[in-house]
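A short worksheet on the structure shown next.
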Amino acid sequence: MTLAVQKLPTGFGRLWTAQTVSSLGDGVLHSALPLITLTLTRDPLAIAVVTAAGTLPWLLFGIVGGALVDRWDRRRTMWVADAARAVLLAVPAAALALDALSIPLLAAVAFLLGLGGLFFDTAATAYLPALLGRDAALLERANSRMRGTQTAAAGFAGPPAGSALLALGRSVPLLADALSFALSAALVRSLPAVPRPAPEARESLLKQARAGASYVFRDRLLLGLALRPAVGNVAFLAMETVLALFAHDRLGVGTSGFGLLLTAEAVGGLFGAGFASFLGRRLGTGTALTCTATVEGLAILAVAAAPNPYVAGLGLAVCGAGIGATMVLAPSLRQAIVPAHLMGRVASTSRMLAMCAAPFGAFLGGWLATAYDVRTPIFVAAGLLLTMTVVTATMTSNRRVEAALQAAASAEEPPRPAALV
């Protein structure tokens, strides 16, 4: 069937709405958190600590978390994770009200938010193919919608709202994000249950975790899909760690201007997510992914050399378009070719590689800005992205993509009964 004939199930609408609400809160926090941190310190390395803390759970628990998600009910995992994050955000909000917020406390909260995100994101990635029957076309359509609204909410609407809410009080953006998590949890809890594959009989958690990781490393296509965001996160976190400082000190923009720069990136991301399906059909998924990676690297190079905020905003918008398209094409391909009983572990392994690279990128950005100049991390980020594009081009070629899709179609797994845990 074509995309025009097939319809997305009703349950997808609730999942889509939940993600949109949560993404709006994340966008508020994404804009406000660096600015809150700047009220506590202007040390680039201290800022890097807060940035990196949110990614550390993937380094410590990424592979095991995927194995747990493959054992647990994925819908329940999602709503519990969001409910826990809603409660957690009350801690820094209260600390701000008592004038007791510190960098260590902010880093601890970022770490626990990242842990909740690990379980939610992995469970959602595994839940969606089951909801859509592993149909490649529907997955691409669903991911395009979800990525588009995520970009619009988290990047377009959220950052200006975060800046505006921050003017009302430093704790207000935190409370807004907490509310978004609570609403998301309520919506996810109402989603339909889907059968989940039975875990391998009598295998230990660590053995199952290793099986998922080895599946990724043995497959060149999956490894290429995982390496791109891994190297990309080193680059993007190196840039994001100093972006607020760069915008303030070199581009001369204030709080509202910084929010608008993030909005420019989100506008590009919204366009890229909507354009992704066309690009994949026109060029083939493999070639399209190589093109979007190239665009990202060149756009970041333009940001690094930007003489004013207008050029920087344009560069961020173009980079956002590349990221938006990539984040539709790559996950849809992975969800279509990975066996259902390995989906949580493969998703978490791939995400772990990306997220584990992020702390290195954050500290790299802080060190380069301290040792050299605030522009240096952004130039280095561009170089890393372009190098990664060359290295992984053959790993995600159109030929490999088509072969993987054909193999997945011929080895379609029969439905398995849901496991009792």
Side-chain angles (χ1 to χ4, degrees), residues 17-42 47 50-51 54 82 85-101 103 105-106 109-110 113 117 148-184 239-271 273 303 308-310 312-317 319-320 323-324:
T17 303
Q19 185 223 41
T20 301
V21 169
S22 183
S23 295
L24 179 61
D26 287 344
V28 168
L29 194 63
H30 182 61
S31 174
L33 189 59
L35 299 172
I36 292 173
T37 306
L38 283 175
T39 66
L40 302 175
T41 181
R42 294 186 65 82
I47 297 171
V50 176
T51 304
D82 263 0
R85 287 190 285 179
V87 174
L88 175 64
L89 280 167
V91 174
L96 279 171
L98 298 172
D99 198 24
L101 187 64
I103 292 297
L105 177 59
L106 207 54
V109 170
L113 287 174
T149 54
Q150 181 183 25
T151 301
F156 185 73
S163 298
L165 290 172
L166 189 64
L168 300 177
R170 291 188 298 171
S171 64
V172 176
L174 301 174
L175 295 174
D177 197 23
L179 178 61
S180 74
F181 278 132
L183 292 174
S184 175
M239 178 184 72
E240 289 183 11
T241 296
V242 300
L243 188 58
L245 200 57
F246 171 72
H248 183 271
D249 292 353
R250 295 306 176 91
L251 301 180
V253 301
T255 299
S256 298
F258 179 65
L260 290 174
L261 283 177
L262 297 180
T263 301
E265 182 178 2
V267 171
L270 185 61
F271 173 80
V303 173
N308 56 60
Y310 304 104
L314 179 61
L316 288 172
C319 180
I323 294 172

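Only this structure's heavy atoms are used, side chains among them; waters, hydrogens and symmetry mates stay out. The first residue of the sequence shown is numbered 1, and numbering continues consecutively from there.
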To the nearest 0.5 Å, what is the distance between CG on Leu88 and CG on Leu113? 4.5 Å
Criterion side-chain contact (heavy atoms from CB on, under 4.5 Å) on Phe258 and Leu243, from CA distance to verdict: CA-CA 9 Å; Phe258 179 65; Leu243 188 58; 4.0 Å; yes
If I take atom CG from residue Leu174 and atom CG from residue Leu179, how far apart are they, to the nearest 0.5 angstrom? 13.0 Å
Looking at every heavy atom in both Leu105 and Ala100, which two are closest together, and how far apart are they? CD2-O, 4.4 Å
Give the C-alpha distance, both sets of side-chain angles, the deciding distance and a yes or no for side-chain contact (heavy atoms from CB on, under 4.5 Å) between Leu270 and Val267. CA-CA 5 Å; Leu270 185 61; Val267 171; 5.7 Å; no
Is it true that a side-chain atom of Ser180 and a backbone atom of Asp177 form a donor plus acceptor pair closer than 3.5 Å? yes
Gln19 backbone acceptor or donor facing Ser23 side chain under 3.5 Å: yes
Nearest 0.5 angstrom please: Leu40 CG to Leu96 CG, how far? 7.5 Å
Residues Leu261 and Leu316: closest non-hydrogen pair is O-CD1, 3.7 Å
Taken to the nearest 0.5 Å, the spacing of His248 NE2 from Leu38 CG works out to 8.5 Å
Contact between Leu89 and Leu175 at the side-chain level, heavy atoms closer than 4.5 Å - yes or no? no
Side chains of Leu165 and Leu168: does their closest heavy-atom pair fall under 4.5 Å? yes
Which pair of non-hydrogen atoms, one from Ala86 and one from Ala182, has the smallest distance, and what is that distance? CB-N, 3.8 Å
If I take atom OG from residue Ser171 and atom CG from residue Leu98, how far apart are they, to the nearest 0.5 angstrom? 10.0 Å
Between CZ on residue Phe246 and OG1 on residue Thr241, distance to nearest 0.5 Å: 14.0 Å
If I compare all heavy atoms of Ala18 with all of Ser184, which pair ends up nearest, and what's the gap? O-OG, 3.5 Å
Does the Thr39 side chain pair with the main chain of Ile36, one donor and one acceptor, at a distance under 3.5 Å? yes
For the student: nearest non-hydrogen atoms of Ala312 and Val303, plus distance: O-CG2, 3.7 Å
